[in-house]
Structures are given as C-alpha cells and as structure tokens.
Amino acid sequence: MQRTDAGPACFPLAELRHAVDGGIAAWLDRSGSGADGSDHLATAQRWALCPPGKLLRPITLLAAAGAVGGSYDAVLPAAVGIELAHVATLVHDDIIDGDELRRGKTAAHREFGLAHGVLAADSLFFALFEQVGACRQAGVPAGRVLDAVEVLGAAGQQTARGVAQEVALSGSLREVTAAADGGIAAYVEMARLKSASLFHSACHVGALLGGGGPEETRALAAYGEAMGIAFQIRDDLLPYVTDGDAGDDGDGEDGDGGGGLRDGKPVCSDLRNRRPALPVLLAHRLGGRAERAALVELVDGTTDEHARQRQLSRLAHDTGALDAAQSMARAYVDRCREALAPVPAGADRDRLAWLADEVAGTAYGHGAAGTAYGNEGAGTPNGNELAGTAYGREGVGTVYGHGHGPGGDRP
C-alpha cells in the first residue's frame with residue numbers, strides 16, 4: 001500500500017482502515033485461525049476481534065508514520081499489533097467489570113470461560129511485540145524497532161495503572177468527590193493513563209518507525225495523548241445523552257440516555273460498578289445541595305439501575321454537566337491541533353487533525369456515524385459493509401470471517 005497525498009478527498013480513511021482489516025485477517029490466519037473451533041485459544045481471539053471497531057489506534061499509527069514521511073506498508077504490522085493489544089484491554093475490562101456483552105454479543109470470557117478469556121487477552125498483548133518486531137523485516141531499522149518496544153512496554157504499564165486508578169475511584173460518590181475539585185483531576189489522570197496511553201503510544205510508535213525526528217515524534221505523541229483524553233470524555237458522555245447529542249463513540253453504539261448499549265455493552269456498567277463518570281462528577285460540582293444529595297443517592301443506590309441511569313442523565317443535563325464535559329473534550333481537541341504544529345504539512349497531518357474533530361470534537365457530535373468516517377453500514381464511504389466484503393470471506397456478519405456469532409454491532 002502506497003502513501004497517497006490526495007488531500008481532503010482521502011479523509012474517509014478507507015485506505016488505512018482496509019489495510020488494517022486485511023492485516024488483522026492475515027494475522028488470524030497465521031495464528032491458527034480458530035475457524036473450526038479446534039484451537040480454543042485462537043477461537044477466543046477471533047471472537048474478541050470480530051467484528052472490528054473503528055480501528056482508531058492503528059489508523060492513527062499509520063497516519064503518524066505517514067506524516068513524517070514513513071511507509072504505511074513498513075509499519076502496518078505494528079498497526080495491527082496495537083489493535084490486538086487494544087482488544088486485549090477490552091477483554092480484561094469486561095472481566096474486571098463483570099460485563100457479559102461486548103460489541104453486541106457475549107463477552108469472550110462468558111462465551112469461552114474465564115480461563116480462555118484471560119489467556120486470549122494475554123496472548124494478544126504479547127502478539128503486539130511480535131508484530132512490532134515484524135516491522136524490521138519490512139525495512140524499519142532495528143534501533144527504531146527497539147525504541148518502539150520500549151514505548152509500548154511503558155504504555156502497558158500506564159494502562160494497568162489507569163485501570164487500577166479507575167477501580168480505586170469506585171465506591172461512594174461522597175468519597176470520590178471529597179477532593180477540592182470534586183475528583184475531576186483524578187478522573188483526567190485516570191483517563192490519561194487508562195485510555196490515552198494507547199493513543200499516545202500509537203502515534204509515538206508510528207512516528208518512530210516512520211523515521212520521524214525528535215520534535216515531530218514528541219508532537220505526535222502529545223497529539224495522541226490529547227486525543228485519547230478527549231475520546232474518553234466523549235465516550236463517558238454517551239450514557240447521559242439522547243441519540244444524536246454526542247454521536248457514536250468511535251468504537252461502539254450511540255448514546256441512548258440509559259437504556260441500551262454503549263460499546264455494544266450495557267450503558268449501566270459504570271453505575272453498576274459504582275464508578276462515577278465525568279458527567280456525574282461535574283454534576284456534583286455544579287449542582288446545588290439538593291442535586292448533590294440526589295446524585296449520591298442514585299450512585300450509591302440499589303434500585304433499578306436503568307431508572308437510576310435515566311435520572312442521572314436528567315441531573316447531568318439540568319446542572320450543565322453535559323455542556324461542561326463537552327467543553328472539556330473540545331479543549332483537548334484544541335490541544336490536538338496545537339500539538340500538530342511542528343509536523344510537516346501534508347495529507348496525513350490533515351487526516352490527524354480531521355480525525356480529532358471527527359472522533360472527539362464538535363464534528364463528532366453532529367451525526368458522525370455513517371458519514372465520512374462512520375462505519376455504520378454498507379454504502380457509506382468507508383463503512384465496513386460487513387457481509388461479503390474482501391475481508392469478510394464466508395463469515396456471516398463478521399469482517400474476518402469463519403467465526404461464529406452475530407455481526408453488525410461493534411465497538
């Protein structure tokens with residue numbers, strides 16, 4: 001796959017997405033496939049990977065490499081690897097959170113058992129490093145590959161610390177909001193570690209493997225971190241808004257105000273685990289005494305979680321918390337654009353700026369799903385067009401084929 005510099009016409013990103021789709025399909029074939037169910041580990045991996053999400057992390061890795069003049073083909077193995085690692089974090093999240101659904105179907109640990117779920121995720125993490133090593137065979141200097149491995153190792157540590165901080169933030173809302181800022185700084189640090197670390201490392205590694213200089217590499221890494229935080233903020237908004245207010249989260253379902261799925265999993269997951277998301281923290285800080293008491297009762301309560309989620313959504317709206325969260329997301333999008341200043345002008349830098357707006361910024365809140373970047377169905381400029389595509393082979397409703405299970409819903 002050659003780099004193209006066709007400017008805004010390429011913004012749908014189909015070229016990059018299709019390359020990653022093909023790379024993942026090839027990896028599954030090499031790893032044992034799991035198509036017939038005889039290899040239990042490979043079958044669990046395929047289940048976790050299919051159907052795919054929007055592949056934001058591998059796409060940003062490819063674009064970062066292209067932005068510094070690198071070859072997409074040379075870094076594609078690393079882009080595939082970053083998606084494998086991301087899916088591994090989702091499997092672990094489902095286990096930790098006790099969630100039974102992911103991407104609109106049974107979570108891997110529920111479908112194949114806890115042991116196979118853990119092992120599938122662990123093996124996907126290690127596959128990342130195998131994939132990065134493969135970039136050397138594609139012509140990337142060994143020194144740059146080694147630097148990339150170091151960055152990714154650190155990212156794994158940060159992700160684990162972020163999840164640990166998220167668990168620590170669980171519990172009584174009164175305790176979480178006891179800090180002077182109502183727990184907002186702790187939330188942002190958790191998001192930086194847990195969610196932004198893979199975006200940060202994807203852009204950092206893309207620049208490293210693509211041959212970027214120190215200033216360009218630092219700039220792209222900063223872009224990735226800001227984008228990751230903005231992405232997490234917008235994702236946390238989804239259970240608190242009605243359809244269309246925040247759009248699709250880039251990896252899953254539209255928000256529905258508390259009744260359906262987010263990331264193909266129940267929107268009440270955070271509430272069930274007593275993890276106050278940003279809209280709740282902001283509502284507590286912005287609300288009066290009565291609103292704060294109601295928030296504490298709802299988060300700490302034991303009544304029907306869907307009813308409590310709907311009441312939380314109303315309070316978040318009435319206190320101005322939703323607008324405040326959206327403003328925070330936009331501020332991080334501005335940081336994305338500022339970070340790109342040292343990066344050479346070109347189509348890939350423009351793609352990254354556009355992607356930040358589309359995924360985490362204002363454009364994302366106005367019908368992004370199914371438009372230029374959205375993958376919400378056949379016929380869109382870069383939709384997955386799930387069944388029958390070049391990557392679908394004979395799988396029913398899946399992109400990587402062979403695997404069993406429903407398609408269509410995917411984070």
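- For the residue pair S195 and Q232, a side-chain donor N or O sits within less than 3.5 Å of a side-chain acceptor on the partner.
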*asked:* Working note: S327 + R330, criterion side-chain hydrogen bond (donor to acceptor under 3.5 Å, both in side chains); need CA distance, chi angles, decisive distance, verdict.
replied: CA-CA 5 Å; S327 294; R330 287 193 293 269; 3.2 Å; yes
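- To the nearest 0.5 Å, the span separating CG on L41 from CG on L124 amounts to 8.0 Å.
- Atom CG in L281 sits 4.5 Å away from atom CD1 in I184 (nearest 0.5 Å).
- Between D21 and P52, the closest heavy-atom pair is OD1-CG, 4.1 Å.
- Distance check, rounded to the nearest 0.5 Å: CD of E305 to CZ of R310 gives 10.5 Å.
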*Please report the C-alpha distance between T177 and R285 in whole Å, then the side-chain angles of each, then the deciding distance to 0.1 Å, and finally whether the side chain to side chain contact (heavy atoms under 4.5 Å, CB included) criterion is met.*
CA-CA 8 Å; T177 57; R285 189 174 73 174; over 6 Å; no
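- Annotation: H204 is not in aromatic contact with F199 [ring centroid separation under 6.0 Å not met].
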*Verify side chain to side chain contact (heavy atoms under 4.5 Å, CB included) between V132 and I82, making sure each step is shown before the conclusion.*
CA-CA 9 Å; V132 173; I82 206 80; over 6 Å; no
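- S170 and N273 share no side-chain donor-acceptor pair at under 3.5 Å.
- To the nearest 0.5 Å, the span separating CG on D300 from CG on L173 amounts to 6.5 Å.
- In this structure, Y72 contributes its side chain and L16 its backbone to no donor-acceptor pair below 3.5 Å.
- Remark: R57 does not engage E83 in a salt bridge, criterion side-chain N to carboxylate O under 4.0 Å.
- The structure places CG of D147 at 9.0 Å from CG of L209, a figure rounded to the nearest 0.5 Å.
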*In sequence, state the C-alpha distance, the side-chain angles, and the governing distance for R110 and D99, and then conclude on salt bridge (charged side-chain N to carboxylate O under 4.0 Å, His left out).*
CA-CA 9 Å; R110 295 296 297 172; D99 287 327; over 6 Å; no
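- Taking the charged nitrogens against the carboxylate oxygens, D334 and R337 have no contact shorter than 4.0 Å, which rules out a salt bridge.
- Contact detail for P77 and A134: the closest heavy-atom pair is CB-CB, 4.0 Å.
- Between E189 and R192, at least one side-chain N (NZ, or NE/NH1/NH2) sits under 4.0 Å from a carboxylate O, which counts as a salt bridge.
- The line from CG of L282 to CG of L322 is 9.0 Å long, rounded to the nearest 0.5 Å.
- Residues E100 and T106 bring no donor and acceptor atom of their side chains to less than 3.5 Å of each other.
- Partners of R275 by salt bridge (Lys or Arg N to Asp or Glu O under 4.0 Å), not counting sequence neighbours, listed by chain and number: D97, E166.
- Y187 and D181 share no side-chain donor-acceptor pair at under 3.5 Å.
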